[in-house]
There are 2 protein chains.
Amino acid sequence: MQRPTLDAVAARAGVSKSTVSRVINGVSTVAPRIREAVLDAVGELGYVPNAAARNLVTRRTDAVALVVSDPPKGLVSDDPLFAAVVRTASRALEAAGKQVVLMLAGSDESRERVERYVVAGHVDGVMLVSLHGADPLPYMLARKRVPMVSFGRSSAAVPYVENDNEGGAGLAVRHLLGLGRRRVATITGPMDLIASQERLAGYNGAVREAGCRSMMALGDFTRISGAEAMDQLLQDDPQLDAVFAANDLMAIGALHVLRKHGRRVPDDVAVVGFDDIEAAQYTAPPLTTVRSPMDAQALATVELLLDLFEEGAQESVVMPCDLVIRESA
Amino acid sequence: MQRPTLDAVAARAGVSKSTVSRVINGVSTVAPRIREAVLDAVGELGYVPNAAARNLVTRRTDAVALVVSDPPKGLVSDDPLFAAVVRTASRALEAAGKQVVLMLAGSDESRERVERYVVAGHVDGVMLVSLHGADPLPYMLARKRVPMVSFGRSSAAVPYVENDNEGGAGLAVRHLLGLGRRRVATITGPMDLIASQERLAGYNGAVREAGCRSMMALGDFTRISGAEAMDQLLQDDPQLDAVFAANDLMAIGALHVLRKHGRRVPDDVAVVGFDDIEAAQYTAPPLTTVRSPMDAQALATVELLLDLFEEGAQESVVMPCDLVIRESA
DNA sequence: CTGAAAGCGCTTACAG
DNA sequence: CTGAAAGCGCTTACAG
């Protein structure tokens, strides 16, 4: 699998390696007819520059690591949003001429692998997808002074793009309140996720503002945990008339339990979720939920990284959410 | 961001670069106390070998491109299975010490980028995720003699791992027949996908075997297409008592239409899907479907590639499917 | 505008 | 068991 080298092209075109290199890299100071000759030779030989040799001297790779920081339970990459984020970010990065290296970092071992890979110079920078508050990875990499941004807030050390979780939760709860509901409960996400904390804060703020009391049950963003939490809430207060679940998966679990207990949705109990995952359209009844602009957010994160490459330090970004009203509330 | 080099480590440890290199690469012929000294120096300096320099001389990268060949409509990467395949394959590859470079190849432009990237020597081999019969990528890469395997059959030029689509479809239809159904229709996938063709063949075989007549409507693997196809089938034969949809998304669309038309599932019409996606558990009623062992398949594909690296040419693999019986049939 | 030469940071025969 | 030297395939000042 011997590929042609710069030397071979130079020989064939009857010029020096320097000249071939200039043509390949688009340096303009090359006589048109020589340029032609070089391009012909490149075409005939099917020459493609060797990446390792080039990186070695330029000290750039034009590649970016997309690191998905996966908590032990596999919460993030099991998330229906995972594929969308990866795909959107990949496309944007590729459009900017950056190659994407996907890395999953779930264990200490894999985190170390990521660290070594990045430090070895395989990539020019890192885009982190991390929703885990206690994630050690941002610290590890920040210490190595690697250009890095984060999709989802992760640590103070790294500029991030995040949706307005607190504002979105507020929107959801105020909608419920606006429907005349007064016993509005919430099912929370796992409390080590910053997003969960913020959504809970949004719920609390809106409920207090309306002079209602707060009722909550802990979940962990899985459907089953939503079902269990709903069971508990119903026991705590059989009169409750609304539930805000901190994500759609848990809202779906709650929907099932409500039906099992003979509660009509939304007549008896109104339900709102968060995320607007695909499945939210298919539930019975279709789920009212908070839409976080995933695509826009992924795109903004990519922008942030590119800006970082160009101009150095950048500020974090918070994107607004809106409410998708369907039939469950 | 000046990182320490081999030279720096050698100087600090008071030995030659050659010796440091041997220690780093685990060559055993190094005196224990010298080894110690080198390791100490490495630790103190935080030395990590430069990847480009190393690749340049070894001509290996220990990286593998995971190329997701995305048809224009985004069918593959929108698929709920996408994330699972990417994650499973990534983990297995990383466990084998290979780094994973994710590449999306949807357009001619991106296919060319993939080709250049691979030829430039960034990776040692390619794992293709391609379900598209007419995909030009396998040919492009095979021509360059790049070690390559495919998750999902793509072209004769490349060894693949595939589930037994025909057998799985046969399983589904025979289950319907076994329930006493005699007017069994099918909703097909897009016909340029080999998987669709095979699932249709499985349906046809089973229906003919039972002496029933076949009824089909074309879909394209999207939920909406499943709904439209179901509408049409109901018009064609209001008496039909069973439907085999070539994937779960279309089965879900069919379920909605059946309910809208007042047909009870499974009493009036039994429904079976294919894939066993997450959402199949949440439909009303929960969907009976064909399970293709995604994880096992992704793992087998990784194995195939690793074998290819070790021993050269390998044979394709077909994995059996089984039926997950829930409530819709 | 073009070429000769140095050098990027490693590995690997080859001596000793 | 260890070191000096060559070389991997590029880019980039430096001359001319």
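Labels below follow one simple rule: chain letters A, B, ... track the order of the sequence lines, proteins then strands, and each chain is numbered from 1. For clarity, every value in this text was computed on a predicted model and none was experimentally measured.
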- [ ] Would you mind pulling out the nucleotide paired to C:dG16, Watson-Crick or G-U wobble, both distances under 3.5 Å?
- [x] D:dC1
Open item on the list: Does B:R59 contact D:dG9 through a side-chain donor or acceptor facing the base, at a distance under 3.5 Å?
Closed with: no
Open item on the list: In whole Å, I'd like the distance from the NZ atom of B:K17 to the P atom of C:dA13.
Closed with: 16 Å
- [ ] Evaluate the side-chain proximity of A:V86 to B:V86: yes if any heavy-atom separation is below 4.5 Å, no if none is.
- [x] no
Task: A:R54 CZ to D:dT11 C1', straight-line distance once rounded to whole Å - done: 9 Å
Open item on the list: By nearest heavy atom, map A:P49 and B:T19 onto DNA chain D; which one lands nearer the 5' end?
Closed with: B:T19
Task: Integer-rounded Å distance: D:dG9 P and B:H122 NE2 - done: 16 Å
Task: Nearest-Å distance for atom pair CG/P, residues A:L6 and D:dC10 - done: 5 Å
Open item on the list: Heavy-atom count check: over 12 atoms from other residues, nucleotides or ligands less than 6.0 Å from A:E109 CD?
Closed with: no
- [ ] Remember a base hit wins even if backbone is also touched, and classify B:N25 as base, sugar-phosphate or nothing at under 4.0 Å, heavy atoms.
- [x] sugar-phosphate
- [ ] Answer with yes or no whether the side chains of A:T19 and A:S16 bring together a donor and an acceptor at under 3.5 Å.
- [x] yes
Task: B:D124-B:T61 side chain donor-acceptor pair, cut-off 3.5 Å - done: yes
Task: B:N55 CG - C:dT11 C1' separation (whole Å) - done: 12 Å
Task: Any donor-acceptor N/O pair, A:S150 side chain to A:Y160 backbone, under 3.5 Å - done: no
Open item on the list: From C-beta outward on A:L56, which listed nucleotide comes closest to its side chain: C:dC8, C:dC10, D:dC10?
Closed with: C:dC8
- [ ] Take atom CD1 of B:I24 and atom P of C:dC10, then tell me their distance rounded to the nearest Å.
- [x] 9 Å
- [ ] Taking only the side-chain heavy atoms of B:A31 (C-beta and beyond), determine which of D:dT11, D:dC1, C:dT2 contains the nearest atom.
- [x] D:dC1
TODO: Can you figure out which of D:dG3, C:dT11, C:dT2 approaches the side chain of B:V57 most closely?
DONE: C:dT11
Open item on the list: From OH of A:Y47 over to C1' of D:dG9, roughly how many Å is that when rounded to an integer?
Closed with: 7 Å
Open item on the list: With a 4.0 Å limit, can you tell me whether A:T5 has a side-chain N or O closer than that to the phosphate oxygens OP1/OP2 of D:dG9?
Closed with: no
- [ ] Pick base, sugar-phosphate or nothing for A:S18, based on heavy-atom distances below 4.0 Å to the nucleic acid.
- [x] base
Task: Protein-nucleotide distance (A:N50, atom CG; D:dG7, atom P), rounded to Å - done: 18 Å
Task: Presence of donor-acceptor pair under 3.5 Å, side chain of A:R22 and base of C:dG3 - done: yes
